[in-house]
Each structure stands twice: as C-alpha cells, then as structure tokens.
Trainee: 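Let me begin by handing over the structure; questions about it come next.
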Number of protein chains: 2
Amino acid sequence: MLNFIRRDRPRQVVKKKITLKHIARELDVSISTVSKALKNSDEISQDTKEKVQAFARLYNYKPNNIAISLKNKRTKNIGVIIPDIVHHFFTTVFRGIEQYANEKGYNVIVCVSDESFDKEVINMEMLANGSIDGFIMALSAETQKRNDFNHLREVTEQGIPLVLFDRVTDEIDCDKVLIDDEQAAFDATARLIRSGKRHVALFTTEGYLNVSSKREQGYRKALVAEGLPVEEALILRLPYQFEEESLSEAFFRERRFDAVLCVNEIFAVRGMRLAQGMGYRVPEDISFIGFTDGLLSRYASPSLTSVAQHGERMGAVAAEMLIEKVEQEYDETDRKSYRTEIIPSSLVERESTALG
Amino acid sequence: MLNFIRRDRPRQVVKKKITLKHIARELDVSISTVSKALKNSDEISQDTKEKVQAFARLYNYKPNNIAISLKNKRTKNIGVIIPDIVHHFFTTVFRGIEQYANEKGYNVIVCVSDESFDKEVINMEMLANGSIDGFIMALSAETQKRNDFNHLREVTEQGIPLVLFDRVTDEIDCDKVLIDDEQAAFDATARLIRSGKRHVALFTTEGYLNVSSKREQGYRKALVAEGLPVEEALILRLPYQFEEESLSEAFFRERRFDAVLCVNEIFAVRGMRLAQGMGYRVPEDISFIGFTDGLLSRYASPSLTSVAQHGERMGAVAAEMLIEKVEQEYDETDRKSYRTEIIPSSLVERESTALG
DNA sequence: TATTAACACGAAACCGTTTTCGATAGCCCC
DNA sequence: GGGGCTATCGAAAACGGTTTCGTGTTAATA
C-alpha cells in the first residue's frame, strides 16, 4: 500500500526517502534481492532486475550515505581545518581542495580554528570519530606557538591520513605541502636590488608565524648574496592588525631605504599610501613588493608587485595527496612514505616596482 | 588480550579506534551493559560502571559518529552551498554560519556551485541522501537565470529544512535571510545627493543578478524621492570581470556626473582610480560609494565609503533559523511557518565621500 | 532415473550504536 | 517456603545498507 508515503503531516505531504526495505516489501522480494538488482548483479534474473530498477527510479530511490559509510568504514568526507576563512590565501587553498575533492566524489567539512589551539583540538576530535576519512590542515598560530602537536599525533596514530599545508611542523610525520617562502622572499629581494635599489627594508609581523620568519630568512640571504649589508634598523616588526600610526611615520621620514619587501598585502598597501602621503613617489623613490597576490595588489594604486602563492594549486595538491593516502589505505598493506611538496610561487610584476 | 590494538602493520603501531564491542569483550560483559555504563545509567551497578568507564577512559573510547547518525537519523551536519568561496561576502557569511553551527555542535559541509546550475543540483543530491540535516544556500547565477528550482523543491518536500540567503527566490517556500539591498542603495544614493551631488551615476553589472537589480531600484527610487531625474545615460552596465578599458574613459571625460554609486567594491576602486588618473579629485569632484565593505574599501586611496552588509550576522541568523527547524523537526509535530529575515546594512563613511 | 550444474533468490551476519524488554538472582515478608 | 521486589544484566531489534553463503528449483547430462 505504498506506506512509505507518509500523509500524517497536516497540510504538507512529506515524501520521505524510501529504503531497500520499502522496495522489498512492495515488490515482495527480499532486501538482498533488491540490493543486488540495483547493482545489476547477475545473480538476479533480468525480470526481477527490471521490476526493481523501474520501481526504484519511479520513487527516486537513492541509497543512504550514512548507512554506506557505516558499512564501508569510509565516509567520502574530508576534514579541512584552517585558522581563518575570511582570508584570501586560505580561501583560495580551500577552493583548490574543494574542487579536486569534488571531482573525486568527496565532500569537504570545514572547521575554523580561529587561530586557537583549543578550537583546533576540539574540531579535530569531533571529526576524528568517524566523520571523515582524512584531514587537511594549516596549524593555528597558537598551536605553532605552544609547540604542542599531540592532537595531530593521535590522529595519525589512529591511521587517519593527514596533510599539512602552509603552517606545518617538523614534529609530525605526514604529507606536507608548502610555499617556497624563503625562496620567494629571496627572489623578490634580489629583484629589488637588481633594479638598482640598495637599501631594502622589510615589513614583517611580530611574533611566531613560521611563514614570516621564512620570508625574513630569504630576505636576509638575498642581501648577503648580493653583497649588501643586513641593516637591522630597516626591519620593521608590526602587530598583525596594525593601525596607521604604528607604521611609524618617523621611519618613513628618515627614509634610509629605497625599497620595501612586505610579508603581506596589507602592510604593502598601507606602506605605499603612507609614502605617497609624504610626497614620495612609488616606485621611483620607493619600490614595494608584497606577499599574497590578492585583490588589494591588483587594485591598489599604484598596483602592487606581489608574490603570488597559487593557493588553489596548493589546495589541489594537498587534496590529491590526501585522497591517494585514503584510497590506498584499503588496497595495499601500505608502505607509508610521506612526501613534502613545494608549490612554486611567482612574482607578479606591477606598477609598484620599476621595470628593472 | 587487547586484540583491538593491531600490531600487524610493519613499523607503525596503529591504534585503531575501539568500539563498544571491544570493551564488552575485554570486560566480559555485554555490549548493552557497556553502552549503559558509559551513559551512567542506573540500571548498572556502581562497580561495573566504574570498571567500564575506567577502561573507556584508558583506551580513549569515543563513540562512532556515523553509527550514532544512523541510529538517530540526524547527522549534526549542515550543508552549505554557495556560488563561490573566493569572494569576500560569501566568505563572511560562511564564517557566521560556521561559528554559530559550531557552538551548537554542528559541522558544516561546504560545496561550491561555481555559479553552475548543474553543480548546484549534483551537490544538493549528494548531500540530501542522509549526509546533512539541512541546507543553507545562495543560488547560483545560472539557477536564477534558468528559474528552475526543482532541486530545491525536492529537498523541501522530503522534509529537509532549507534556508536561502542573499540569492533567493520567491518560488520556494522556506526560511530566507536577505540584505536590504534596495534600501541600502536608496540610502547611499540619498546620502550622495544630500551632500550636494546632483548627478549620481550608477555602475552596475550586466545580467541577471537579483541583487544588482535591487540595488538599481533603490538608486532609482532615491533619485525620484529627492526630486531628481533618472538619467539613463548615467547608468553603466559592466561585465562582471571587466578590464580597465571597458570602464570607458569617454564616460569619465564627458563627466556628466559628480558622484557614483557602485554595486561592488571593485567597480568603485577602478572607477576612483580612473577618475584620479584623469585629474579629478575624489571626493571633491566625484564622490564614490561602493557595496561590500571589504579589504579594498578599507585600503583604497582614498578609502572607500561603502555599504557594509554584515555577512557574518547574516550567516549566524541563517544558521540559527536552520538549526531551529532541524531540532523542532523532532519535537513538535510541527506547524511549519517560514520567516524572512532582513539583515540591515549600514554605510561606512570614509574618504571617498565628502562629509555632508 | 539418478546426478549435477546453473539459476534465482533469501537468510543472516556485519558495520557501531541505542533502547526495549525480558531474565535471573537475591532479598524481604508473611 | 512461595510470592513479590529490586538490582543488575543480556538478548535482540533497529537504523539502512552490503555481502557471503546457503537452498530450492529446474534442466541438462550420464
């Protein structure tokens, strides 16, 4: 009597999803027969198959994902944990992940750690209990600062694949995908010097971020490589969300530099603006290069030469590495070996640097 | 013999998750006893409870989410489908969703429709088979253009709660949360006029986007309300990702306008730049107001007066509405009534408009 | 005519929980 | 000493699938 169409809700007919059991009942066969018929198993007669398949189509049968996950012990979900989502770089990486994952039939569960260690841990634990087949993550600032990676260790010890990107740690053995931050900073700095600049300043963040320090290293090495002194006074460490004033005007007024490498777009754009406000010309008097080639770089005036980090590529690679691990988990009794991929970045030249 | 610790992997001990069954075996009690003991049921003796709980703690037992989902027919996941993720507004909305959902113990699965109807449909179908308890979505451009909402209808008919935000449709009966686009455009336009501008131009997108046309309406009404003529020649329809040239210089050279309302940041920033390049002063000669108060508005020079849309608020409200529906689904034999919430936007005044 | 193989299907176990409904044992009481 | 309680636990069904392993029927073969 088609009793799976519930009509007990008052004014709205709710067509509940139908199950194998319903089909079996209606067609007076067993559940296993239905299951096999839908998979076109040759155990089942042509006749029965057609009956079942027609019925299933008619009532739009779709197998329940949860039940399949439980049976297969695979969810086809991957968990992504990032420090922030309102952030151009992470967003582009996420897009790369989502695209690749989707192609492969995976869904993506995102959690935002908000740069907090606790949230990172909680989110991981939530997802690690069967909700996902693997993790892709960038560590929160707090986690990097505390140097506590037990939550990661727990997960990998359980055999759950993990891919770290951008904000990684050496403490954990897993796949990683990185930006060549040091190299990029090196190249950008060298590029400034070769265009005739002699005093290159660095605007970086104060604090613990791995990436900033790598960029600083590249900057230093480039100076040395080009035979220039590292002038510590030209390295300005700014608070993350700094206000106009903190980019001290005095620093500009003295102006003992003719070019600036900035570890992000915002520092660069604000720097340019301050410089222009004080009558300097960009790039003639001061050149600027930023990191993170986002909207700001493109639309600033002058437009900003910037290190493009190809986040989307990074995300795709991370997803590829993860899914490979997830799927091999079930083939070979694996030999685990972990890779670290470096995603090359490139310098997008715009108006804030004079063409050397 | 603690046989749930598998040591058959070569060099890496894999501590597989333990289950009720394992605990039961080790402690020589039944699965039901273990389950009850862990829930502190008073059916179970203090003795047994302590034994079980201690064991569970020791081996870090956590119930399997998938199994629980199957049993409860609730996943504690919500599905979010948005047209794009590398997009400031959607990203902020997502953040609002994620935060609220997380507080309530829900996880968020994101799918990007990429403005494609087909992807939207596929993603919905994927998730609708048990993976999520409800949907939050903004329609893809193609969906809006085709006016085909059967996929939404299917889902709601199955009794799956749905909340639409920003890009919505009247065709579907469900909760909605909207920006007061028309009002915001009205206010912004009025604001320009009251500051003494008499010829306000509009830079909008060509095409079907619901939001753009609402903003245009508000713009038109404001002109009328202020007793000014609507000059069609001052309405410029630009391709979505337009290049410098397309914002025709001629339009600026004639300059039959002294203020511009732009339906997004990018149009505004490019407009300002072009204007400045041609020697006009902003805001003295031409004032600018944009929509979407993002990084560009903040860091442009001059900084851009912009309509802030409070995406985070919007996301939080959407999540709240959805979760309410999801949870009531299981209480009352519901009286479904759908709400439409309007999230007020506000004008963030910056340098691109003269203080009226 | 007895044996056997192919065919078509169903029973049951399983994935990991929760929960209902006994069932057993010990104890008190009359 | 039997009836009734309570305390403590286990069996089993259920969620919705997949899959292994029968099993009964029929037809082909010796």
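In what follows, chains are A, B, ... by sequence order, proteins preceding strands, each numbered from 1.
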Trainee: Using a cut-off of 4.0 Å on non-hydrogen atoms, how would the nucleic acid contact of A:Ser35 be classed: base, sugar-phosphate, or nothing?
Mentor: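 A:Ser35: base contact, heavy atoms under 4.0 Å.
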Trainee: Grab the CZ-C1' distance between A:Arg74 and D:dT18 for me, whole Å please.
Mentor: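 Spelled out: CZ on A:Arg74 to C1' on D:dT18 is 15 Å.
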Trainee: If the cut-off is 4.0 Å, is A:Tyr61 near the phosphate of D:dG17, judged by side-chain N/O to OP1 or OP2?
Mentor: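 Indeed, a polar side-chain atom of A:Tyr61 lies that close.
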Trainee: OP1, OP2 of C:dG10 versus side-chain N and O of A:Ser30: anything below 4.0 Å?
Mentor: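 Yes, such a contact exists.
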Trainee: Side-chain N or O of B:Lys21 versus OP1/OP2 of C:dC14: is the shortest distance under 4.0 Å?
Mentor: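 Indeed not, no polar side-chain atom of B:Lys21 lies that close.
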Trainee: Taking donor-acceptor contacts at under 3.5 Å, does the side chain of B:Lys36 reach the base of C:dT20?
Mentor: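 Side chain to base: pair present.
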Trainee: Please determine whether any donor N or O and acceptor N or O are separated by less than 3.5 Å between the side chain of A:Thr48 and the base of C:dA8.
Mentor: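 Checked by distance alone, the answer is no.
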Trainee: Would you mind reading off the distance between A:Asp47 atom CG and C:dA8 atom P, rounded to a whole angstrom?
Mentor: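 Whole-Å distance recorded here is 9 Å.
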Trainee: On DNA chain C, does the nearest nucleotide to B:Asn64 precede the nearest nucleotide to B:Glu43 from the 5' side, or the other way round? Give the residue.
Mentor: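 The residue whose closest nucleotide sits nearer the 5' end is B:Asn64.
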Trainee: Would you mind classifying the nucleic acid contact of B:Ser45 as base, sugar-phosphate or nothing, using non-hydrogen atoms under 4.0 angstrom?
Mentor: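 Sugar-phosphate: the residue B:Ser45, judged by heavy atoms under 4.0 Å, touches backbone atoms but no base.
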Trainee: Counting side-chain heavy atoms from C-beta on, which of C:dC15, C:dT17, C:dA8 comes nearest to B:Ile68?
Mentor: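 The closest nucleotide is C:dT17.
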Trainee: Is the CG atom of A:Asp28 crowded by more than 12 outside heavy atoms at less than 6.0 Å?
Mentor: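 No, because the 6.0 Å sphere around CG of A:Asp28 holds 12 heavy atoms or fewer from other groups.
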Trainee: Which of these nucleotides, D:dT18, D:dG16, C:dT18, is closest to any side-chain atom of A:Leu20?
Mentor: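 Among the listed nucleotides, the one closest to the side chain of A:Leu20 is D:dT18.
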Trainee: Nearest to the side chain of B:Val29, which nucleotide is it out of C:dC15, D:dG10, C:dT18?
Mentor: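 Nucleotide nearest to B:Val29's side chain: D:dG10.
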Trainee: Decide if atom CG of B:Asp170 counts as having more than 12 heavy atoms of other residues, nucleotides or ligands within a radius under 6.0 Å.
Mentor: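 Count not over threshold, so no.
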Trainee: I'd like to know if A:Thr33 reaches the base of C:dA8 with its side chain such that a donor and an acceptor end up less than 3.5 angstrom apart.
Mentor: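 Between C:dA8 and A:Thr33, which were checked side chain against base, a qualifying N/O pair under 3.5 Å is absent.
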Trainee: Expressed in angstrom and rounded to an integer, what is the separation of B:Gln46 atom CD from D:dC9 atom P?
Mentor: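 One finds 11 Å between P of D:dC9 and CD of B:Gln46, rounded.
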Trainee: Are A:His151 and A:Glu125 close enough that some pair of their side-chain heavy atoms sits under 4.5 Å apart?
Mentor: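 A:His151 does not reach A:Glu125 side chain to side chain.
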Trainee: Can you identify which nucleotide, out of C:dT19, C:dT17, C:dC15, has its nearest atom closest to the B:Ser32 side chain?
Mentor: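 Selected nucleotide (nearest to the side chain): C:dT19.
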Trainee: Once hydrogens and angles are ignored, does a donor-acceptor distance under 3.5 Å link the base of C:dT17 to the side chain of B:Lys71?
Mentor: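 In this structure, the two groups form no donor-acceptor pair.
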Trainee: Could B:Arg146 and B:Glu120 be called an ion pair, given the rule that one side-chain N must be under 4.0 Å from one carboxylate O?
Mentor: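 So B:Arg146 does not pair with B:Glu120 through a salt bridge.
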Trainee: Just N and O in the side chain of A:Lys39: are any of them under 4.0 Å from OP1 or OP2 of D:dT19?
Mentor: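 So the side-chain polar atoms of A:Lys39 never come under 4.0 Å of the phosphate oxygens OP1 or OP2 of D:dT19.
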Trainee: Counting only N and O atoms by type, is there a donor-acceptor contact under 3.5 Å from the side chain of A:Asn107 to the main-chain atoms of A:Asn77?
Mentor: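 Not at all, since once roles are kept as given, no pair shorter than 3.5 Å links the two residues.
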